[in-house]
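Since the structure comes first, as structure tokens, the remarks are kept for the end.
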Protein chains: 2
Amino acid sequence: MQTSKDTQLSSTLRIAVTRLARRLRAERLDTSLSLNQLAALATLERHGGMSLAQLAAHERVRPPSMTRTVAGLEQSGLVTRSPHARDRRQVVIEINEAGRRLLAQDRRRREAWLARRLAELTPDERATLRAAAPVLERLTQS
Amino acid sequence: MQTSKDTQLSSTLRIAVTRLARRLRAERLDTSLSLNQLAALATLERHGGMSLAQLAAHERVRPPSMTRTVAGLEQSGLVTRSPHARDRRQVVIEINEAGRRLLAQDRRRREAWLARRLAELTPDERATLRAAAPVLERLTQS
DNA sequence: TATTGTTATACTCTATAACTATA
DNA sequence: TATAGTTATAGAGTATAACAATA
């Protein structure tokens, strides 16, 4: 019974989470930045400055691809590139203030969409989601 | 207060759902099919047979792109193409048994990963998610 | 004449291989 | 000699434009 219930929970949760993520993704206003550029920018914000190879590894792309992605971000004035203090082969890439502003804007837009959907729920349903949110977070950390 | 809490709920939920969806996406074994082919196949399973133009509209791509996507699916033996009964300009694309089996396999794999994560939670946490799953589903329908 | 689907062609994004500069 | 990053080039995947078949 427990097993059968969890199989069903896996299924329902997978479908709901996948669809909700797709809707959220579609809400980006962006237009000028590609999804990959946006993802790289978010990684730089979250983990701080890093070398091109490290950033490429984070995003699971090859260094040549990241070279182009970063070039675009730099041209848009969202990141800075500076030589590594000790190893002059390396380049340190960091998000700047404009980059942070853009990410904040993007998040606000998606969260505004979600907040409108949440407002259509009953208070009980919202309470259920408030309880579930930290559990969903834990799922992604294991 | 309510507003502030919901702002936070939007934020937490957005992050958790986005990350969980990314992990689930990464679990596909697939290898041979592209993500777009997989998505088109799932649409055919969910909505039944349809013309190429209808399928392209569903997947938000242009007809020439869908021509190629469907060609790959047909070559892999997962869909059938047959002329429309009345309008011979149209082609009806349908998923076949092999296509359904492949989708079921793919889902089982992702759900197995999720079930393992769920098994690591406490019974209370699982109960919380069971209550939340239908609410999350409602969110995507509004 | 309008519509469905395909073919021709170009653009974007990614990859591997070759190259430059540093270690 | 090995490593970090860039440049050269090729392979997916998508798009618009032009075309063939049918309505």
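The structure presented is a predicted model; accordingly, all values stated were derived computationally and were not measured. Residue numbers start from 1 in every chain, and the chains themselves are labelled A, B, ... in the order their sequence lines are given, proteins ahead of strands.
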Inset, instruction - Taking only the side-chain nitrogens and oxygens of B/S65, find out if one of them lies under 4.0 Å from OP1 or OP2 of D/dG13. - result: no
Legend entry - Heavy atoms from other residues, nucleotides or ligands near CD of A/Q141 exceed 12 (cutoff 6.0 Å): yes
Legend entry - B/M66 CE - D/dT16 P separation (whole Å): 14 Å
Legend entry - Toward the 5' end of DNA chain D, by each residue's nearest nucleotide, A/R89 or A/P63: A/R89
Inset, instruction - Mark yes or no for a side-chain to base donor-acceptor pair under 3.5 Å between B/R62 and D/dT14, with no hydrogen or angle criteria applied. - result: no
Inset, instruction - Between C/dA15, D/dA15, D/dG13, spot the one nearest the side chain of A/V61, thanks. - result: C/dA15
Inset, instruction - Ignoring hydrogens and angles, tell me if any N or O in the side chain of A/R126 forms a donor-acceptor pair with the backbone of A/L121 under 3.5 Å. - result: yes
Inset, instruction - Find which nucleotide of DNA chain C each of A/P64 and B/V91 is nearest to by heavy atoms, and output the residue with the more 5' nucleotide. - result: B/V91
Inset, instruction - Please confirm whether the backbone N or O of B/E27 pairs with a side-chain atom of B/R109, one donor and one acceptor, at under 3.5 Å? - result: yes
Inset, instruction - Could you grab the distance from atom CG of A/L41 to atom CD1 of A/I93, nearest 0.5 Å is fine? - result: 11.5 Å
Inset, instruction - Could you pick out which residue, B/R68 or B/L52, lies toward the 5' side of DNA chain C when each is mapped onto its nearest nucleotide? - result: B/L52
Legend entry - Of residues 77-88 of chain B, the positions that come close to DNA chain D - non-hydrogen atoms, cut-off under 4.0 Å: B/R86, B/D87, B/R88
Inset, instruction - Would you please confirm or rule out a distance under 4.0 Å between OP1 or OP2 of C/dT6 and any side-chain N or O of B/T67? - result: yes
Pair up each side-chain donor or acceptor in residues 65-74 of chain B with any protein partner under 3.5 Å, not counting sequence neighbours, and list the distances.
| unit_1 | atom_1 | unit_2 | atom_2 | d |
| --- | --- | --- | --- | --- |
| B/T67 | OG1 | B/P63 | O | 3.2 |
| B/T69 | OG1 | B/S65 | O | 3.1 |

